[in-house]
Amino acid sequence: MISFADLTVRYGDAVALHGVTAEAADGEWIGIIGPNGAGKTTLLNALMRLVPFRGTVTICGQPASGLNRRELARLIAYVPQRPLLPPDMTVSEYVLLGRTAHIGYLRMETTTDKRVCADVLDQLDLGPMAGRALRAMSGGELQRLVLARALAQQAPVLLLDEPTSALDLGRRMEALEIIDEIRHERGLTVLSAIHDLTLAGQFADRLILLSGGRIAAAGPAASVLADAVLAEHFGAGVQVVMTETGDLAVISRRLPHGASVR
Ligand code: ATP
């Protein structure tokens with residue numbers, strides 16, 4: 001599980017997060033939604049200690065401030081929005097980076113490390129590309145590879161920042177289903193910043209709506225994905241519809257000429 005209390009992040013004079021408090025239980029999936037600039041990436045970066053913050057973070061019962069980088073990497077895996085992708089590295093070399101926290105200093109990877117990497121590559125349909133250089137991969141393939149690296153880390157908490165933005169609709173569902181499967185198998189705790197509100201509602205147990213660096217709404221999808229809530233933060237053209245199968249879908253609707261969109 002992961003919890004954070006009174007998290008505040010400043011960039012110079014600007015406050016990007018204003019004392020945010022929340023928690024995700026073991027096996028829980030929290031979707032972090034919100035308009036551009038709301039503070040979603042900043043929140044995930046603070047949890048990863050990639051930006052200075054005020055407040056406390058507790059991961060699996062341990063204060064994050066007391067953990068070194070290696071200990072942190074054993075507890076949290078992160079799929080950032082803009083990962084570093086060395087173009088000459090191969091797919092198998094890149095996914096092996098996910099095992100860094102498990103491989104001792106100056107040690108070679110073990111057969112377990114190799115098996116874990118091969119398994120996640122297969123899970124994400126990347127096995128046949130294992131020898132390929134990253135420069136020769138499509139945007140969607142790279143995004144699946146970054147997810148594969150994070151899953152190879154086998155950490156109990158997974159942070160995802162827009163993990164499926166480059167994927168086609170089918171691949172999007174597929175990648176999120178794989179994460180969901182692993183979550184059920186291993187009790188993985190997932191926090192994902194996601195712009196696709198329909199998918200957020202379908203996969204997350206609870207949603208946190210950030211706006212202006214504050215939690216504007218939180219709860220199950222049915223309470224957060226409501227027309228009035230979304231209109232206030234995303235504009236009047238965003239509408240929630242209920243499908244025949246009982247799923248909530250968030251659609252954009254063109255407004256009559258002259259109507260104010262936001
Ligand atoms: P998006 O949906 O566009 O990815 P977000 O919700 O992830 O947005 P953040 O990236 O967390 O938003 O940014 C929150 C605010 O902090 C924005 O106003 C952004 O311009 C600002 N910000 C982010 N990183 C920095 C930085 N390194 N220095 C200064 N300001 C920053």
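What you are looking at is a predicted structure, and each value in this text was computed from that prediction instead of being measured. We count residues from 1, following the sequence as given. Order of listing sets the numbers, starting from 1, for every ligand and every atom in it.
Residue, atom and distance of the protein heavy atom nearest to atom 13 (O) of ligand 1 are Thr42 OG1, 3.7 Å. Looking only at protein heavy atoms, the nearest one to atom 10 (O) of ligand 1 is Thr41 CB, 3.6 Å. Of all protein heavy atoms, the one closest to atom 4 (O) of ligand 1 is Gln81 NE2, 3.5 Å. Among all non-hydrogen protein atoms, the one lying nearest atom 1 (P) of ligand 1 is Asn36 ND2, 3.6 Å. Ranking protein heavy atoms by distance to atom 16 (O) of ligand 1, first place goes to Tyr11 CE1, 3.4 Å. Atom 6 (O) of ligand 1 has Lys40 NZ, 2.8 Å as its closest protein atom, hydrogens excluded (heavy atom only).
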Begin from the C-alpha positions of Gln143 and Ser165 and carry the test side chain to side chain donor-acceptor pair (under 3.5 Å) through to its verdict.
CA-CA 8 Å; Gln143 202 164 44; Ser165 55; 3.2 Å; yes

Go through it in stages, so that I can follow the logic: the residues are Thr21 and Asp6, the test is side chain to side chain donor-acceptor pair (under 3.5 Å), and I'd like the CA-CA distance, side-chain angles, deciding distance and then a yes or no.
CA-CA 5 Å; Thr21 299; Asp6 213 12; 5.1 Å; no

Side chain to side chain donor-acceptor pair (under 3.5 Å) evaluation trace for Thr110 with Asp113:
CA-CA 5 Å; Thr110 63; Asp113 297 316; 3.0 Å; yes

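A salt bridge links Glu174 to Arg171: at least one charged side-chain nitrogen sits closer than 4.0 Å to a carboxylate oxygen. Taking 4.0 Å as the cut-off between side-chain N and carboxylate O, Arg183 and Asp205 count as a salt-bridged pair. Ion pairing between Asp196 and Arg172 holds under the 4.0 Å rule for side-chain N and carboxylate O.
With no hydrogens or angles considered, no side-chain donor-acceptor pair links Gln154 and Arg186 at under 3.5 Å.
Among Gly34, Gly37, Gly39, the residue whose heavy atom sits closest to atom 18 (O) of ligand 1 is Gly37.
Contacts of Pro35 with ligand 1, taken as heavy-atom pairs under 4.0 Å, involve the backbone alone. Residue contacts with ligand 1, taken as heavy atom pairs separated by less than 4.0 Å, do not involve Glu162 at all.
Taking any N or O of Ala38, backbone or side chain, at least one lies under 3.5 Å from an N or O belonging to ligand 1.
Atom CD1 in Ile76 sits 10.0 Å away from atom CG in Leu158 (nearest 0.5 Å).
For ligand 1 and His195, the ligand atoms under 4.0 Å from any heavy atom of the residue are 2 (O). Here is the list of ligand 1 atoms found below 4.0 Å of a heavy atom in Ala16: 16 (O).
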